[in-house]
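Within every chain, numbering begins at 1; the chains are lettered A, B, ... in the order of the sequence lines, protein sequences first and strands thereafter. Computed from a predicted model, the values in this text were never measured in an experiment.
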There are 2 protein chains.
Amino acid sequence: MTRAVVVGAGMTRFGKHLGAAIGPLGAVAAAAALESAGLGVRDVQAATCGNVLGGMLPGQRILREFGVSDIPVTNVENACASGGTALHLAVRMVESGEYDVVLAMGAEILSALGSGLLPQDADDVEVLQGINLPASYALRAQRYMHEHKLTAEQLALIPVKSHENGALNPYAQFSQPWTVEDVVNAKMIADPLTLYMCCPNSDGAAAVIVCSEAIARRYTSVPVYVRASELVSGHFHPVRDLTAPETTITARDQAYAAAGVGPEDLDMIECHDPFAVAELLYYEVFGLAAQGEGIGLLTSGATKIGGRIPVNPSGGLLARGHPLGATGIAQIAEAYWQLRGEAGGRQITNHRVALTHVTGGGISGYDNGSCTVHVLTT
Amino acid sequence: MTRAVVVGAGMTRFGKHLGAAIGPLGAVAAAAALESAGLGVRDVQAATCGNVLGGMLPGQRILREFGVSDIPVTNVENACASGGTALHLAVRMVESGEYDVVLAMGAEILSALGSGLLPQDADDVEVLQGINLPASYALRAQRYMHEHKLTAEQLALIPVKSHENGALNPYAQFSQPWTVEDVVNAKMIADPLTLYMCCPNSDGAAAVIVCSEAIARRYTSVPVYVRASELVSGHFHPVRDLTAPETTITARDQAYAAAGVGPEDLDMIECHDPFAVAELLYYEVFGLAAQGEGIGLLTSGATKIGGRIPVNPSGGLLARGHPLGATGIAQIAEAYWQLRGEAGGRQITNHRVALTHVTGGGISGYDNGSCTVHVLTT
């Protein structure tokens, strides 16, 4: 099997791009990715695009901006894991030997939908009864806080760290650090989650170039290898434990096995943190801390940028923002820059192995839609 | 490379399923496909789903109806070629050796959107100026009729044939044959296209089982081999010739080369006929007739069910209906049944080689979104 390698990355700033169309916005990210790899758009043999709510043919509308003809484009949708799925598909297209150079993109424009909740599917009985996305994470937070005796002030430490990181990231939606007081005193959305414990609705796009190992050295002297690319969909049984995200657990097991690594090998994680409790749950799932000990890991400073295992150095979904289909690709861009030592003011210290993780959906109230986990190394 | 084989197929009737949700509707098709292959849902290792306008996670919502857990699901969108793209992806997943059994699905519920035009993207300048889908095909029809001296009555012979076939297909939206007079006297939609020259907005779902050659004989004594699975996206230059659909021409060349067949080898075609002129154009693209001679081929009876090379024996998009994401998979189901001699009252005579074709999109007025062509044989 050919190994897939990332040789370029680009993105727009995440935030409000009012009035933007998906084609031109996505093209900014794609052009930056191509330029960073020294590739022309004619070198691209196939493309994938993650998008959830953008209508027909988002990938083609992006490529039209370049006048690209004829290459196969596959638009994928897997809720918040759409970008991760676009990368997964691009990786498999290269690994199978069918293509040597694939452009993996993600783009989303949520500001066109107005503010507030994302549209969810009306045939989901639990959504109809009020278990929208903030509510489903609020239940997890309540349970976790009950089990492990956490206060709202402790929960607030997560967005505080995220915004500290985001303030160092020129691509992040938010550029100001927040205090614990700011977070706990913000408007309550779904108890215990205040507004600042929820990710924003964002616009943005990201793109990476995936190529075969055989030709990667043409484009870069510091290739970033894809060691694991796992796509898992969800469990459809009654939730057993609100603090154990089963889909991510399955994807974690597959990814660690495929890459031949464990938590002790990781130098950074970009994980899916749409609401403040999530990062603590994923510390524990990925083996950085034992169950209930996530908060201790956070307060120890280990997951800060200067710490032993930085988590969401980009600012994550809470501070970089969350344009659904773009997020999974932006995580790969962040890992690419960090592993190559190109992350500027937010550069982590040790940077050999990175893990990225998005999980989406939540049919019937839990994260049973789709999950992707990627492991990358220099 | 492992060869991909179709070993089962199922679909719902296409038409109006008022108030239906995509999960239960899709599950009817998936259950029928599984049953036809003698497979349990636990045998499925991965799934793909083509859908355009159905919101988040259509594939997961279908599988939830079975309580399926953990398998990777990839939802794909490529406008009217979404179902063909779902099949293409499933084929590549098997050919690469990653999975042995993949469920390829397509589902769409258009009745929820009301009647009339499909939503198109507001950032397309030509759509904003009126080149919606019926208008873009009307221009092609006008040009073709001008070039080749066709009358409206001759154009009407296409839906007359389609509805003759559809009346024999229990899965078709329309079950009555129409006369030339019915067609030309129907309400004008976009001159020269009357209502009966336009495909309906449909609800429906279809599913097929794709497995590796090594295990196909476990499930069937009449495997249907996928000899070519080509996905091509469009050209983004000004249209040179309204009667030469370039994306399909590229996909045709790739498919004939991959399968090692030419037009003389085909026993049937299911092609993309959303508006009456399209079938004539595709007769010519696929080499059944020289340019301008499509109408002669039609009136000769060669493309009828009893003819030399039946086209759209199912009734096609005009009579079977067109639930966008489901159509490409329904074509494969039709080819599967025809090649196995299981097509009942619409069974064709010779049935060794079938070609299926969907093309979608139309950014800036022409079929430059995506196109898939598949060649299947017993």
### Task
Answer yes or no: is there a donor N or O on one side and an acceptor on the other, between the side chain of B:Glu77 and the main chain of A:Leu57, under 3.5 Å?
yes
#### Entry: A:Asn78 and B:Gln60 side chains, donor-acceptor separation under 3.5 Å
yes
#### Entry: chain A contact residues among residues 95-111 of chain B, heavy-atom distance under 4.5 Å
B:Ser96, B:Glu98
### Query
If you check every heavy atom in residues 82-90 of chain B against those of chain A, which residues fall under 4.5 Å?
B:Thr85, B:Leu89
### Query
Using non-hydrogen atoms only, which part of B:Leu231 is less than 4.5 Å away from chain A: side chain, backbone, both, or neither?
both
### Spatial distance of atom OG (B:Ser233) from atom CZ (A:Arg64) [nearest 0.5 Å]
13.0 Å
### Task
Look at A:Thr48, A:Ile71, A:Val52 and state which one has the largest set of heavy-atom pairs under 4.5 Å with chain B.
A:Ile71
### Which portion of A:Val73 sits near chain B, non-hydrogen atoms under 4.5 angstrom
both
